[in-house]
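Please read the structure below before turning to the comments.
So you know, we letter chains A, B, ... as the sequences are listed, proteins then strands, and number each from 1.
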Number of protein chains: 2
Amino acid sequence: MARTQGSRAEITGPLLRDEARRLFARQGYAAVSMRQIAAAVGVQAGALYAYTTDKQALLFDLLETHMQDLLAAWRDDPLADPLARLHRFVDFHIGFSLDHPDAVFLSYMELRNLSPDNFARIADLRGRYEAALEDILRDGVAAGTMRIEDAKLTTLALIAMLTGVTNWYREGGRLDRARIMQIYWGLARGAVGA
Amino acid sequence: MARTQGSRAEITGPLLRDEARRLFARQGYAAVSMRQIAAAVGVQAGALYAYTTDKQALLFDLLETHMQDLLAAWRDDPLADPLARLHRFVDFHIGFSLDHPDAVFLSYMELRNLSPDNFARIADLRGRYEAALEDILRDGVAAGTMRIEDAKLTTLALIAMLTGVTNWYREGGRLDRARIMQIYWGLARGAVGA
DNA sequence: GTCTATAAATCGATAGAC
DNA sequence: GTCTATCGATTTATAGAC
């Protein structure tokens, strides 16, 4: 492959995604122009189209990659105690959300800007993640260590509660991450009647 | 005031807000054009500027009105049993959210599109609403009927959990509103250790 | 109050040089 | 791979007629 003057493909590619994610999360997909992203990357707008076919593909790639990373990072042990599995899920979800706050925000806010096909693919990935938590809750009920009225609703309620940390968490704030996880585990444990 | 041919001020004003709220919630503030709103209202784009100075003022008005309506609608009884007050809060928050899903969605998603001054005013209103719940939790701890590790975090966690219903609730779905409130009350009661 | 017409700026995306 | 330049469409907001 011939080397071209001024080429920085190795860093422009990842940087494009990083800056797009940050700007989309901060201002919203529709409010961010390709020129604005290009400026943050340090190239001219035309150069971006060597890395993405269009703006929509860029958004979908960010959301799909995030959901796949989330699913790949979660490792459950179906044979362990359901309460211990739930505790691990709480810590995992909070930790992953705080590690990727922009991606989490995007995945909730910009679904409406996806084409119907792209939306369906992201919704499917999200459904699989929710199913992971719902399995834990059903096992807990079966084991008699959890009291839950509706496993599906409790799943959605817990995820909404946990994801909410990204709305107010600030590095160096009043509580550190371990303490936050501890508090939310207390809330989740109580919510499932344990 | 002289009557003008074709004037429909009595309905255009409220309709403008209704359609703007609906479109902003569905597509996002930045993605909706004034022409699109005008078409939904049934006028030409220029006519909208008789009702709002610009697009930003329209968004702020929607958010501010919503937060003020929310605060005005919540009526607490500081002398009642804290658990009963929390139960009322759960029902109220879910009911209000399901009654105004677009406004709730907007108030979470479009804060970033407000000017700094406008943002501060909405954040202040939100803080007052959160304080209303936090008061209940602190009274519950003082009365010994709730066990809470951190009242502030528990407040934010509960509101995030309750607001989440707007993400999946559909009219005529598997569960009716009363049943949903019942399930969420069980979750909230457990979360506060009651 | 609403219309038509338009100003002025910005958008996404492409073409062609290097 | 990146640049400059630009096309064509669309945006917010305003001006002036009615």
Whole angstrom value for the distance that separates C1' of D:dA13 from CD of B:Gln56: 15 Å
Atom-pair distance (CD on A:Glu10; P on D:dG1), nearest Å: 9 Å
Among B:Asp76, B:Asp77, B:Asp135, the one residue meeting salt bridge (charged side-chain N to carboxylate O under 4.0 Å, His left out) with B:Arg85: B:Asp76
Nearest-nucleotide pick for A:Lys55, side chain only, options being C:dA13, C:dT2, D:dT4: C:dA13
Short N-O contact, B:Arg21 and B:Asp61, less than 4.0 angstrom: no
A:Val43, nearest nucleotide to its side chain (from C:dT4, C:dC11, D:dC3): D:dC3
Residue met sooner reading DNA chain D from 5', once A:Ala45 and A:Ala50 are mapped to nucleotides: A:Ala50
Side-chain N,O (A:Thr12) to OP1/OP2 (D:dT2) below 4.0 Å: yes
B:Arg177, CZ atom: more than 12 neighbouring heavy atoms under 6.0 Å: yes
A:Met34 CE - C:dT14 P separation (whole Å): 10 Å
Whole-Å gap separating P (D:dA13) and CG (B:Leu48): 11 Å
d(CD1, A:Ile37; P, C:dT10) in whole Å: 17 Å
Shortest side-chain distance from B:Asp54, nucleotide among C:dA13, D:dT2, D:dA13: D:dA13
Donor-acceptor pair (no angle test) under 3.5 Å: A:Arg35 side chain, C:dG12 base: yes
Separation of D:dG1 P from A:Ile11 CD1 (nearest whole Å): 13 Å
Euclidean distance, atom CG of residue A:Leu59 to atom P of C:dG12 [Å, nearest integer]: 13 Å
OP1 or OP2 of C:dT10 under 4.0 Å from side-chain N/O of A:Ser33: no
Out of C:dA13, D:dT2, C:dG1, whichever nucleotide has its closest atom nearest the side chain of A:Tyr49: C:dA13
Under-4.0 Å side-chain N/O to phosphate OP1/OP2 contact, B:Gln44 with C:dT2: no
SB check B:Arg179 A:Glu149 (cutoff 4.0 Å): yes
Touch class at under 4.0 angstrom, heavy-atom based, for A:Val32 against every strand present: sugar-phosphate
Test: B:Arg88 and B:Asp81 ion pair at under 4.0 Å: no
